[in-house]
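Side chains included, hydrogens not; waters and symmetry mates left out as well; all remaining heavy atoms used.
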Amino acid sequence: MTTSLARLVFPSLRWRSGSFAHERPVIDAALAAGVGGFIVFGGTRDAVAELTRGVREQAGRPLLIGADLERGAAQQVEGLTEMPAPAALGWLDDLDATHAAAIITAREARTVGITWAFAPVCDLDLEPRNPIVGTRSFGAEPQRVGEHAAVWVRGCQEHGVLACAKHYPGHGRTTQDSHETLPRVRAPLAELEAMDLVPFEHAIRAAVGAVMSAYVAYPGWDASGRAAAYPPPILGYLRDPMNFELTPLQAAGNVVLREAYRFGGHLIWGATARMLRNFLDVISDEGASD
């Protein structure tokens, strides 16, 4: 693998039996290959801080360290603060509260070296049988969900952590688990534009740094039947009319790599390369102590 391709790979590091020690071979091989960073699952506050500090020192260069932080930094890191689920924030319907939740999440994430939050969820809670979305969504009303997503993005990124809007172009209509199969949403593009895509538009206008695609097919939009990460019409819509410049970041590792073998892979789409470099510069200059 060339260094330029390796920079697009982010292996997962999982807390197991009270330690990250079993991940040492993964870390060594990944850094030798030149990966762009890692995705952290679990761990205590001290252990995650030690892990992220250690991999950056070993790499000798800036790394992006990501984690699922939809419910605050405590969603992955024991000892940090758990935030209300997005559904609770949406029910409260106080944009200042949602903004504050993002700020706290970002500040705490930085204290343990996490610089990329895979949040906010921009999916609409449209289908009661949906096994994926539920309380991860801010609600069912497109404009209001978009407003909550936008303030979450701003609160997070203004405090030095890259945000990631997911799961484009919307996972809210599915009735199957996308970790087990490829769900299909048959709504036509016009319906998706009026509903599902609206929160993503808000997140992009708020300058979200990355977008994660859904492992869902949209045959009413793209007849190929492929997951949303791949069809040019679906990806092209991010660039025009949404004005989101695409730079692919391949999320790989224990779980996603297995899905890549089985499904063909999930992609996270970053904004401009310059924006990512700016974030890496901030991370390199400031460290993760603020």
Is it the case that the side chain of [X] and the backbone of [Y] share a donor-acceptor pair, with hydrogens and angles ignored and the cut-off at 3.5 Å?
X	Y	value
Thr52	Ala49	yes
Asp196	Gly172	no
Thr115	Ile65	yes
Arg186	Pro219	no
Arg56	Gly113	yes
Gln76	Gly42	yes

Once side-chain hydrogen bond (donor to acceptor under 3.5 Å, both in side chains) is applied, do any residues pair with [X], and if so which ones, sequence neighbours excluded?
X	result
Glu193	Tyr237
His167	Asp123
Ser137	none

Going by salt bridge (charged side-chain N to carboxylate O under 4.0 Å, His left out), name the pairs with one or both residues in [range], residues two or more places apart or in two chains.
range	answer
residues 138-164	Asp93-Arg144, Arg144-Glu147
residues 124-139	Glu70-Arg136, Glu127-Arg129
residues 25-44	Arg24-Asp28

With sequence neighbours left out, what residues match [X] under side chain to side chain contact (heavy atoms under 4.5 Å, CB included)?
X	result
Arg45	Val77, Leu80, Thr111, Val112
Pro188	Glu191
Ala47	Trp15, Phe20, Thr44
Ser19	Ala21

Do [X] and [Y] share a hydrophobic cluster, counting only Ile, Leu, Val, Met, Phe, Trp and Tyr and linking them when any side-chain heavy atoms are less than 4.5 Å apart?
X	Y	result
Val26	Ile114	yes
Val121	Tyr215	no
Leu162	Ile103	no
Met242	Val216	yes
Val55	Val40	yes

For [X] and [Y], which heavy atoms make the closest approach, and how far apart are they?
X	Y	value
Ala106	Cys156	CB-O, 3.5 Å
Ile234	Ala228	CG2-O, 3.9 Å
Cys122	Val145	O-CG1, 4.2 Å
Arg14	Ser12	NE-OG, 3.9 Å
Gly37	Pro11	O-CD, 3.2 Å
Leu69	Ala109	CD1-CB, 3.9 Å

>> Determine whether the aromatic ring centres of residues Phe138 and Trp152 are separated by less than 6.0 angstrom.
In response: no
>> One pair to check against side chain to side chain contact (heavy atoms under 4.5 Å, CB included): Leu31 and Leu63. What are the steps and the verdict?
In response: CA-CA 10 Å; Leu31 291 178; Leu63 297 172; 4.1 Å; yes
>> Test side chain to side chain contact (heavy atoms under 4.5 Å, CB included) on Leu235 and Tyr230; report intermediate values, then the result.
In response: CA-CA 7 Å; Leu235 291 182; Tyr230 304 104; 5.7 Å; no
> By ring pair (Phe, Tyr, Trp, His ring centres under 6.0 Å), which residues pair with Tyr218, not counting sequence neighbours?
Replying inline: none
So do the side chains of [X] and [Y] get within less than 4.5 Å of each other, counting heavy atoms only?
X	Y	result
Pro142	Leu124	yes
Ser178	Ile132	yes
Leu51	Ile27	yes

> Under 3.5 Å, is there a donor-acceptor pair linking the side chains of Thr81 and Glu108?
Replying inline: yes
>> More than 12 heavy atoms of other residues, nucleotides or ligands under 6.0 Å from CD of Gln58: yes or no?
In response: yes
> Is the Tyr168 ring parallel, tilted or perpendicular to the Phe200 ring (thresholds 30°, 60°)?
Replying inline: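 Perpendicular, since the angle between the ring planes exceeds 60°.
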Compile the donor-acceptor pairs under 3.5 Å between side chains in residues 202-211 and protein atoms, sequence neighbours left out, one pair per line.
unit_1 : atom_1 : unit_2 : atom_2 : d
His202 : NE2    : Gln143 : OE1    : 3.0

>> Just verifying a value: how many Å separate Gln176 CD and Asn130 CG, rounded to the nearest 0.5 Å?
In response: 10.5 Å
> Atom CG of Leu182 and atom CG of Asp177: how far apart are they, to the nearest 0.5 Å?
Replying inline: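 Output value for this atom pair is 12.0 Å.
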